[in-house]
2 protein chains.
Amino acid sequence: MTSSHRATIGDVARRAGVSKATVSFAYSGKRPVSEGTRQRIFESAESLGWTASESARALASSRTATIGLVIARRPEIISADPFFPRFIAGCEAVLAEAGMGLLLSVVTTEEDETAAYTRYAAGRVDGVILLDIKHGDRRPALMRALGLPAVMLAPTRPEPLLEDDGMTLPAVIAENATAIHELVGLLVEAGHHRIAHVSGPPHYVHATERRAAFTAAMTEHELDPSLVIEGDFTAASGQARTAELLDQVPRPTAIVYANDVMAVAGLSLARSRGLRIPEDLSLTGFDDSDLSGHLSPGLTSVSTRPDEVGATVVRTLLEALGGASGPVVRVEGPTVVLRGSIGPPPPPV
Amino acid sequence: MTSSHRATIGDVARRAGVSKATVSFAYSGKRPVSEGTRQRIFESAESLGWTASESARALASSRTATIGLVIARRPEIISADPFFPRFIAGCEAVLAEAGMGLLLSVVTTEEDETAAYTRYAAGRVDGVILLDIKHGDRRPALMRALGLPAVMLAPTRPEPLLEDDGMTLPAVIAENATAIHELVGLLVEAGHHRIAHVSGPPHYVHATERRAAFTAAMTEHELDPSLVIEGDFTAASGQARTAELLDQVPRPTAIVYANDVMAVAGLSLARSRGLRIPEDLSLTGFDDSDLSGHLSPGLTSVSTRPDEVGATVVRTLLEALGGASGPVVRVEGPTVVLRGSIGPPPPPV
DNA sequence: CTGAAAGCGCTTACAG
DNA sequence: CTGAAAGCGCTTACAG
């Protein structure tokens with residue numbers, strides 16, 4: 001209140017009658033400070049409304065207290081995916097506790113993606129989170145070139161991501177295969193034989209993992225595993241691929257979708273063709289969006305706990321920044337959420 | 001390549017045979033630099049792989065080149081709202097061009113919200129974007145207390161947001177009323193009389209604006225404007241409120257929802273009760289989510305161009321940071337997207 | 001058109 | 001338990 005400008009550590013030190021170093025140590029705890037001195041410092045800081053300048057701290061300590069996240073998807077697809085907001089909320093919970101922040105970019109081209117990481121590497125973040133890992137993903141190499149610490153989230157440790165020298169990036173593994181196996185098992189148990197899968201885009205590791213799990217599960221049950229058709233996670237593809245499947249003779253009695261949006265679009269299309277859900281057709285989604293639980297009937301889906309995943313990813317990154325070498329953490333698998341969209345198949349004609 | 005550590009402006013200056021000042025000016029353009037010198041500087045920088053440290057730049061120039069966005073909603077609701085990802089993408093487009101970044105927080109309590117803004121104010125951002133303005137919103141006062149420049153996005157300039165001294169925050173106005181009027185007009189034209197509205201939570205200015213527009217439009221057409229029922233933007237409320245409306249005798253022949261998710265949940269419920277869309281019931285949403293266009297039938301909705309809104313908001317904030325005083329920018333209103341979910345009402349019984 | 005130097009507000013060895 | 005001082009890597013008056 002004495003000055004119209006923002007207080008600095010010097011103002012606090014002067015008012016408390018100590019050195020700037022002592023003020024700094026009182027807050028960081030990196031050196032013991034006597035109780036009385038601490039009190040005076042905190043009081044001075046409070047009455048001056050002082051908080052340390054993050055810019056100055058960043059320059060002096062070479063730590064930005066910020067991590068970066070670059071999402072490389074079309075905005076429409078992000079908005080259809082309940083994963084991101086929950087994931088980010090999970091990240092934030094851990095970051096806020098550590099007094100850190102999240103720098104976010106949404107990009108659509110590889111060029112913009114590289115530009116974003118490059119800007120991040122210019123002293124903007126301490127490390128980054130790599131999502132949506134692709135087969136042969138170029139980002140691990142880019143991270144190394146930029147000297148940017150990173151942790152990746154992937155359904156399995158993808159072999160092509162091993163770096164040149166054999167070192168691997170820290171990773172959080174969140175597998176999806178088990179849930180797909182469970183879904184197929186439930187449908188088989190209910191009596192289904194012709195089960196189809198609408199997959200995600202094959203360049204994503206998580207999409208091919210779900211697809212491979214579907215094929216494996218069908219094979220295990222000695223059913224035809226070839227009813228797989230490629231979607232791209234959009235509502236448009238859910239609608240179009242479902243139309244193709246429903247045109248087949250005989251048509252599938254159940255469809256396992258790689259995400260909820262495609263499933264909801266498919267469900268709507270099936271209904272518009274006069275099919276009853278689940279009497280004529282069973283459907284399952286993936287991601288457990290808020291909408292799925294409140295459709296009529298509800299959409300059976302898979303909850304992936306994105307908030308826990310986000311929290312774990314950030315914790316892993318912070319450990320890696322702290323010097324822990326290449327930890328690989330596995331988070332608990334997703335769980336199936338059973339709702340009214342599945343039932344026994346219709347009686348054969 | 002000569003050193004294993006990151007190059008600094010000093011390294012570049014030495015290699016190019018100039019002073020650090022000249023390197024700085026060659027990049028900022030704030031002082032003329034001869035063409036030959038520029039070339040040598042850029043070459044030196046490139047061969048050293050130098051980019052200016054953002055931390056140092058921030059400290060020296062008192063500009064963080066970062067803006068902040070705090071979203072105070074439950075993650076489930078964010079994920080149901082196609083607005084945010086597109087809005088953020090729109091922000092990014094402008095920010096990236098300016099070499100700036102976006103710091104994002106997702107919070108659920110007022111306490112965490114305040115904490116987030118407080119951290120931002122500690123030299124983390126140059127300014128913030130205020131979304132989801134509420135009646136009597138406390139944030140303008142908070143921004144002033146923290147000395148944090150801000151721009152707000154609101155459907156109208158809300159009077160309670162005038163600051164104490166009569167100064168107002170810069171604002172971007174994106175009104176929704178016109179589109180609601182249009183929707184009601186379309187339904188009336190098709191022959192509907194009993195039209196209901198499922199609103200958003202009344203503390204939001206944008207929710208009450210849509211609601212008020214509905215009431216006004218109904219009154220204009222000399223129809224009963226009282227069929228308004230309060231939702232909260234979640235699928236659950238869309239389902240529950242629709243159930244209540246369908247239980248009324250006589251029941252409404254058309255429902256105008258304040259967002260798409262509620263409309264989709266409502267549509268699904270109506271169908272599960274054996275109602276045909278649009279023969280028995282017409283429905284409209286708001287936001288134009290990717291899903292809406294690919295349901296069968298499609299959901300008539302309102303496109304709000306969130307990307308343009310985001311870009312405009314950022315431009316307005318950057319102008320304000322540049323010294324322009326309290327600009328108020330109006331962005332083009334949203335447009336109705338007509339799809340199969342509306343038609344003539346069923347013949348009276 | 002260019003340079004030498006102060007300064008941004010912290011952190012952290014060094015010294016006591 | 002505490003202080004004086006150097007240093008983080010830039011930007012920007014001041015001077016020529």
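All chains are named by letter (A, B, ...) in the order of the sequence lines, taking the proteins before the strands, and each is independently numbered beginning at 1.
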Does any non-hydrogen side-chain atom of A/T8 lie less than 4.5 Å from one of A/K20?
no
How many whole angstroms separate atom CD of A/E35 from atom C1' of D/dT2?
16 Å
By nearest atom, which of the nucleotides D/dT2, D/dC10, C/dT2 is closest to the A/T22 side chain?
D/dT2
Shortest side-chain distance from A/K30, nucleotide among C/dG3, C/dT12, D/dT12
C/dT12
Is it the case that the base of C/dG9 and the side chain of A/R6 share a donor-acceptor contact (distance under 3.5 Å, atom types as modelled)?
no
So, the side chain of A/S55 versus the backbone of B/G123: is there a donor-acceptor pair under 3.5 Å, distance only?
yes
Tell me whether A/R14 is salt-bridged to A/D11, with the criterion being a basic N under 4.0 Å from an acidic carboxylate O.
yes
How would you label the contact of A/S24 with the nucleic acid (heavy atoms, under 4.0 Å): base, sugar-phosphate, or nothing?
base
From C/dT12, C/dG3, D/dC1, nucleotide with atom closest to A/S61 side chain
C/dT12
So, the side chain of A/R6 versus the backbone of B/G147: is there a donor-acceptor pair under 3.5 Å, distance only?
no
Of the options D/dA15, C/dG9, D/dT11, whose atoms approach the side-chain atoms of B/R31 most closely?
D/dA15
Whole Å only: how far is the NZ atom of B/K20 from the C1' atom of C/dA6?
10 Å
Under a cut-off of 3.5 Å for both distances of each Watson-Crick or G-U pair, what dot-bracket string does DNA chain C give, using [ ] for crossing pairs and | for inter-strand pairs?
|||.||||||||.|||
Atom pair distance, as rounded to whole Å: CZ in B/F25 and P in D/dC14
12 Å
With a 3.5 Å cut-off and no angle check, do the side chains of B/S47 and B/R15 form a donor-acceptor pair?
yes
D/dG9 OP1/OP2 closer than 4.0 Å to side-chain N/O of B/T8:
no
Whole-Å distance, B/R57 CZ to C/dC8 P, equals 19 Å
For A/R63 and C/dT12, what is the distance between atoms CZ and C1' respectively, to the nearest whole Å?
14 Å
Atom CG in B/D307, atom CZ in B/R305: separation rounded to 0.5 Å?
9.0 Å
Could you state the CD1-P distance from B/I9 to D/dT12, rounded to the nearest angstrom?
11 Å
Between D/dG9 atom P and B/R14 atom CZ, what is the distance in whole Å?
12 Å
Between residues 114-124 of chain B and DNA chain C, which residues have a heavy-atom gap below 4.0 Å?
none
Please determine if A/R73 forms a cation-pi arrangement with A/Y204, meaning its NZ or CZ atom is less than 6.0 Å from the six-membered ring centre and no more than 45° off the ring axis.
yes
Report yes or no: does B/D126 contribute a side-chain atom to a donor-acceptor pair with the main-chain N or O of B/I67 at less than 3.5 Å?
no
Where B/A89 and A/P75 come nearest, the two heavy atoms and their spacing
CB-CG, 3.6 Å
Counting C-beta onward and ignoring hydrogens, is there a side-chain heavy-atom pair between B/R119 and A/E54 closer than 4.5 Å?
no
Nearest to side-chain heavy atoms of B/A21, which nucleotide of D/dA15, C/dA5, D/dG9:
C/dA5
Proximal nucleotide (of C/dT2, C/dC1, D/dG9) relative to the A/L59 side chain:
D/dG9
Which part of the nucleic acid, if any, lies within contact of A/G36, taking any heavy atom under 4.0 Å across all strands shown: a base, the sugar-phosphate backbone alone, or nothing?
nothing
Taking B/L131's backbone N and O only, do any of them form a donor-acceptor pair with B/R139's side chain (distance below 3.5 Å, no angle check)?
yes
What does B/T37 touch in the nucleic acid at a heavy-atom separation under 4.0 angstrom: a base, only the sugar-phosphate, or nothing?
sugar-phosphate
Please give, in whole Å, the distance from D/dC1 P to A/I41 CD1?
13 Å
Classify B/S62 by what it touches in the nucleic acid, base, sugar-phosphate, or nothing, heavy-atom distance under 4.0 Å.
nothing
Closest-nucleotide 5' rank along DNA chain C - winner of B/A56 and B/V33:
B/V33
Kindly point out which of C/dT2, D/dC1, D/dT12 is positioned nearest to the side chain of A/P32?
D/dC1
